[in-house]
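All residue numbers in this chain count up from 1 along the given sequence. Note that ligands are numbered from 1 as they come in the structure, with each ligand's atoms numbered from 1 the same way.
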Amino acid sequence: MQRIFSGIQPSGVATLGNYLGAIRNWVALQDEHECIYCVVDLHAITEWQNPKDFAQQTREMAAVLLACGIDPTRHILFLQSSVRAHAQLAWIFNCVARIGWLNRMTQFKDKAGKNRENASTGLYVYPNLMAADILAYKATAVPVGEDQRQHLELANDIAQKFNHDYGVDFFPNIQPLILGVAARVMSLRDGTKKMSKSDPSDQSRINLNDDADTIALKIRRAKTDPEPLPSEMEGLANRPEARNLVGIYAALADMDADSVLRDHGGKGFGAFKEALAALVVDRLSPIAAETRRYLADPASVDAVLRDGAGRAAAIADPIVAEVERMVGFIGV
Ligand code: TYM
């Protein structure tokens, strides 16, 4: 059985982008794989997190994953900071990865922006930690949204260089699983930018804890163009906002985009947005209710995470110990 690893940062509330690009696929993969899912709090502090909000966001992210259907009895759900192997292996990978490789990472460029000198060094070496997350478990498949593809290519480069430098055949090749019609959900305010939990504008995204009125309002206000919806896919060329809303509809209705256009083509956005809002509310409100139920008993969420951390460490610790021996640490 293939071992799956994936993670999500608790740097805000999970969005519809996280759900469609990742979490929904994580849930589906549980039927036929051994899955290890992680709330990556070490990654989140590469950008400033207010400690009090951060603790709450971390617990809430775990609750959202449980509410979406991650099953911690058959699989593993845990916090990254609870398993030391991640940071230990990341340090070794800091010494394997090359500065030139990291300089090519587009996400660093986007996140650091113009003020690069002031970005944390953690943000710069972030992809090395991500490689460590996956390879500490020797996971071979990683379900992610499109935006993580470059990081997974780098993880493979690190694994290969490690194997080569130390003359071993130790780390496996990692396969990205970028699944579904909504592997890249865009901002509701700008169809060329991805929907993100850390975007300063709350109007740019649907949060998994938004109530029905908020969802309807955000969709009604979503940026669109003046043309009606086309009846065929070619009609969406150069219309990123229209394409995005159609993609979201298709993903949530389990349809392909062509069928959505067949049903809604020719209509103005007013009617389509109403239909989309109803669909989003229908799919997300049970998740929000279930999340609230988990959060009403935070100790139960913590217990799941603690148990997950123990089981995760039992897999990762021996793998990282072996890596340390290969490197030549004498471990006395
Ligand atoms: P993060 O927290 O930004 O996002 C979590 C997952 O959601 C996907 N995603 C999206 N998919 C479609 N459309 C969007 N607008 C959208 N926004 C986010 C992401 O691709 C991701 O799959 N670096 C990772 C977390 C991470 C990780 C790992 C992932 C750390 N270690 C090891 C896989 C394996 C990140 O910041 O995800």
Answer with yes or no whether the side chains of [Y] and [X] bring together a donor and an acceptor at under 3.5 Å.
X	Y	answer
T214	D211	yes
E34	H75	no
N118	R116	no

Counting only heavy atoms, which portion of [X] has something under 4.0 Å from ligand 1: side chain, backbone, both, or neither?
X	result
I134	side chain
H43	side chain
V142	side chain

Between [X] and ligand 1, is there a nitrogen or oxygen pair with a distance under 3.5 Å?
X	value
G17	yes
P143	no
A22	no
Q9	yes
K194	no
D133	yes

Find out whether Y294 and V304 are in side-chain contact, i.e. whether some heavy atom of one side chain is under 4.5 Å from a heavy atom of the other.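 Y294 does not reach V304 side chain to side chain.
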
Using a 4.5 Å cut-off on heavy atoms from C-beta on, say whether the side chain of K193 contacts that of D199.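 SC-SC contact between D199 and K193 confirmed.
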
Between [X] (side chain) and [Y] (backbone), is there a donor-acceptor pair under 3.5 Å?
X	Y	answer
H264	V260	no
R283	L252	yes
K197	V13	no

Looking only at protein heavy atoms, which one is nearest to [atom], and how far off is it?
atom	value
atom 28 (C) of ligand 1	M130 CG, 3.2 Å
atom 20 (O) of ligand 1	D147 OD1, 2.5 Å
atom 15 (N) of ligand 1	V185 O, 2.7 Å
atom 9 (N) of ligand 1	N18 ND2, 3.7 Å
atom 3 (O) of ligand 1	K197 NZ, 3.7 Å
atom 36 (O) of ligand 1	Y126 OH, 2.6 Å

Numbered atoms and elements of ligand 1 in range of [X], under 4.0 angstrom, heavy atoms:
X	answer
F5	32 (C), 34 (C)
R184	12 (C), 13 (N)
A183	11 (N), 12 (C), 13 (N)
M195	14 (C), 15 (N), 17 (N)

Of V168, I158, N173, which is the lone residue that meets side chain to side chain contact (heavy atoms under 4.5 Å, CB included) with N163?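 Only one of V168, I158, N173 forms a side chain to side chain contact (heavy atoms under 4.5 Å, CB included) with N163, namely V168.
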
Establish, for the pair K138 and F170, whether the NZ or CZ atom is under 6.0 angstrom from the six-membered ring centre and no further than 45 degrees off its axis.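 Pair K138/F170 counts as cation-pi.
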
Take Y126 and Q9 through the test side-chain hydrogen bond (donor to acceptor under 3.5 Å, both in side chains) and record every step on the way to the result. CA-CA 12 Å; Y126 175 118; Q9 295 193 64; 2.8 Å; yes

Under the criterion side-chain hydrogen bond (donor to acceptor under 3.5 Å, both in side chains), I'd like the reasoning laid out for S11 against E47: C-alpha separation, chi angles, the key distance, then a yes or no. CA-CA 9 Å; S11 50; E47 294 179 286; over 6 Å; no

Given M61, Q148, R24, which has its nearest heavy atom closest to atom 37 (O) of ligand 1?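 Ranked by closest heavy atom to atom 37 (O) of ligand 1, first place is Q148.
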
